[in-house]
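Structure first, then comments.
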2 protein chains.
Amino acid sequence: MENMNIKKLAKELNLSVSTVSKALHDSYEIKAETKEKVLALAKQLNYQPNPFASSLRRNSSKTIAVVIPEIAHNFFSLVINGIESIAEELKYHVLIYITHEIPEKEEQIIRHLLNGRVDGILISSSGTSNNNTHYHELVQKGIPFVFFDRANFEIDAPKVITDDYQAGFQATDHLIKRQCKHFAFLSLSNQMTVINHRKDGFLAALKQYQIEPSHVHIIEAGTDETLSFQIIRDFLQPLPESLGIFSSVEKLAIQTYHICKEINILIPNQLKIISFSNLPTAALLNPALSTLTQPAFSIGKEAALLLFQSIRNKGKIQPITTLPQIVLKSTLFIRESTKM
Amino acid sequence: MENMNIKKLAKELNLSVSTVSKALHDSYEIKAETKEKVLALAKQLNYQPNPFASSLRRNSSKTIAVVIPEIAHNFFSLVINGIESIAEELKYHVLIYITHEIPEKEEQIIRHLLNGRVDGILISSSGTSNNNTHYHELVQKGIPFVFFDRANFEIDAPKVITDDYQAGFQATDHLIKRQCKHFAFLSLSNQMTVINHRKDGFLAALKQYQIEPSHVHIIEAGTDETLSFQIIRDFLQPLPESLGIFSSVEKLAIQTYHICKEINILIPNQLKIISFSNLPTAALLNPALSTLTQPAFSIGKEAALLLFQSIRNKGKIQPITTLPQIVLKSTLFIRESTKM
DNA sequence: TTTAATTACGAAATCGTTTTCGTACTCTTC
DNA sequence: GAAGAGTACGAAAACGATTTCGTAATTAAA
């Protein structure tokens, strides 16, 4: 009596296994009276179908995977919230995989997922877009996947991104209007398209205002914490005159704050800074941080919706139109860190 | 040729399915030469075993579930990081379920997991300890689970917690020594044991210093955001003299900061505050927030280790000794928000 | 030389569902 | 009342792995 299964249910009911299965799935072949009996006993004996048997037979797992570079990061946590809100509604399960910003790790995870464990994948890429073969394998295997935020534009898959170029332009325009003379862009990696879009917006704004190229600084801080600390610290000593920093990610802005505190640089007097960020405490920082805030929850929601659409359409002929690419808007919050 | 499976592999190799399966599992029954051939072709044809067939037969899923109240919260994100670090090593998969602090939601999730989808569960309870039947059902079904942080002490399961009583005492002691006259404890719920342990520490310290009971305030702020805002705001108007606040969770401290900013209460002059928190920006707030910081990553790691130990021991006789309960220490960081 | 043990493999059952057929039986309809 | 349609169910074949047995062939022991 360890575990209830459909066979025991059938025996108990004096019905065949197939009849019970059909009854549980509300098949038209079974008459109402029988269905009721089956449902009643199933509930009474606390029957729950074995998910693996079901997945094996139906070739569908009711599970999706989320592959992200890191999780202890407000942006990604909020995205997961958005994803979960949809998955929960559709009774799907959510597997989480963390790449720790290591492209090989991402490849390994994606390759593993080729085995059919999930019906679809949501990816925020850690890749340097050098090696795309794992994405191609997904396409070839017919496993639906959707990129969010960190997309790979060489791959023909649905994407949910934000208006990074425009946001970068807007942030930089703001710094220019606040009378900065030198401008620095804090970059995570020059291999990531999101970051590069933000940088392109940054550069475009500076170009439009004809800023002296020698006053433009691109700081490749990288993903390693201690290293990026050192790189930023080195850049700030000596401190360029009227420096305006546009940080492409929250983490680097926080590091900059720490460094400024350490070596006594006053924000916003000596240095203005604005950053992409979903920090719930941005307004409470000393000084309050001006931010470009991505609609993280919506990104997760939209990405999940696209994925489930993709899963539903699986097998059916794809429309010839290009795959959907949803672009959401980030919001600019002007706070004290960029005060004149 | 859609998907590779063991049958096709066997045919290609002129071997039986069973031989191939054994070879892939490095069985002693198969000679080295055959194993090599099988492994070689498996790699060449990119064979990956179907996880559902395997799980169905072996009755094990190589998957664990993490059930948490919310994810957009530094503490839980860090815990997940810790959990993932162990799961990844053991090649386990991690399913995430979010209860949004709704006990019924938690029950529903746990009940669903009785179907064998996972080999074990890590739980940070959202329950009010009124209804424990779902935990009992886990025990009865023999599904291993471990509580972390928010444990239910009526249930005989392994737990990883922190020294909440002591930390609460320490935080309060600190406030007393900083010459506070009135003392407030911001609580999420009087049904949660973690919170109550912190409160007990708080009350014990006040008792030891013989603080006038009328100067002690327990604020039940609750989990609803707008409501808790209102409750805290109401409490702060009018502002008790020399108020020292001990916030049991980060979120309420942040709300308090926002309110103080809004109604112009100066921290730490008019109000001192210390909070349990894993905010990476605690030191950068205005003013820097004194915190009790839980070793979130370690909590996740230890809980995962206990769970896997439990999974390995499944079926074997349990030792008569009480189940393991690991207590980790929180760290006190004194910052400006409690300055004299 | 006979017996026992070991080696290396294969047939088939099994895990618990789902789904395709097949088939009694009843009910129309002309 | 014969043919066709519809109803309600059951037998059995999947799904793809794992595992239990059984057994030839070889080797070792007596």
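Values below: every heavy atom of this structure, side chains too, minus hydrogens, waters and symmetry copies. Quick note on labels: first sequence line is chain A, next is B, and so on, each numbered from 1.
- To the nearest angstrom, P of C/dT14 lies 8 Å from NZ of A/Lys7.
- The distance between atom CZ of B/Arg58 and atom P of D/dG16, rounded to the nearest whole Å, is 18 Å.
- A/Lys35 places its NZ atom 13 Å from the C1' atom of D/dC9, with the value rounded to the nearest Å.
- Residue A/Ser54 is classed as a sugar-phosphate contact, given heavy-atom separations below 4.0 Å to backbone atoms only.
- Phosphate contact (OP1/OP2 of C/dT17, side-chain N/O of A/Tyr47, threshold under 4.0 Å): present.
- Distance, A/Arg57 CZ to C/dT14 P: 19 Å, rounded to whole Å.
- For the OP1/OP2 pair of D/dA17 and a distance below 4.0 Å, the side-chain nitrogens and oxygens of B/Ser21 include no atom meeting the criterion.
- With rounding to whole Å, B/Glu29 atom CD is found 12 Å from D/dT18 atom C1'.
- As judged by a 4.0 angstrom heavy-atom cut-off over every strand, A/Ser18 is placed among the base-contacting residues.
- Ring centroids of B/His93 and A/His93 are separated by 6.0 Å or more, keeping the two rings apart.
- Put simply, the side chain of B/Lys22 and the base of C/dG10 share a donor and an acceptor less than 3.5 Å apart.
- Looking at which nucleotide of DNA chain C each of B/Val20 and B/Ala53 is closest to, the 5′-most match is held by B/Val20.
- Of the candidates C/dG10, C/dC9, C/dT18, C/dG10 carries the atom nearest the B/Ser16 side chain, counting heavy atoms from C-beta on.
- Atom CG in B/Asn5 sits about 12 Å away from atom P in D/dT18, given to the nearest Å.
- Annotation for A/Asn59: atom CG does not count as buried by contact number, only 12 or fewer foreign heavy atoms lying within 6.0 Å.
- Between B/Phe52 and A/Phe52, the two ring planes are parallel [angle under 30°; tilted spans 30° to 60°].
- B/Thr34 comes within 4.0 angstrom of sugar-phosphate atoms only, judged by non-hydrogen atoms across all strands, and of no base.
- Rounded to an integer number of Å, the gap from A/Asn50 CG to D/dG16 C1' is 14 Å.
- In terms of modelled atom types and a separation under 3.5 Å, the side chain of B/Ser124 and the main chain of B/Phe148 share a donor-acceptor contact.
- The CG atom of A/Leu9 sits 15 Å away from the C1' atom of C/dT18 (whole-angstrom rounding).
- The closest side-chain donor-acceptor pair between B/Asn3 and B/Lys8, if any, does not fall under 3.5 angstrom.
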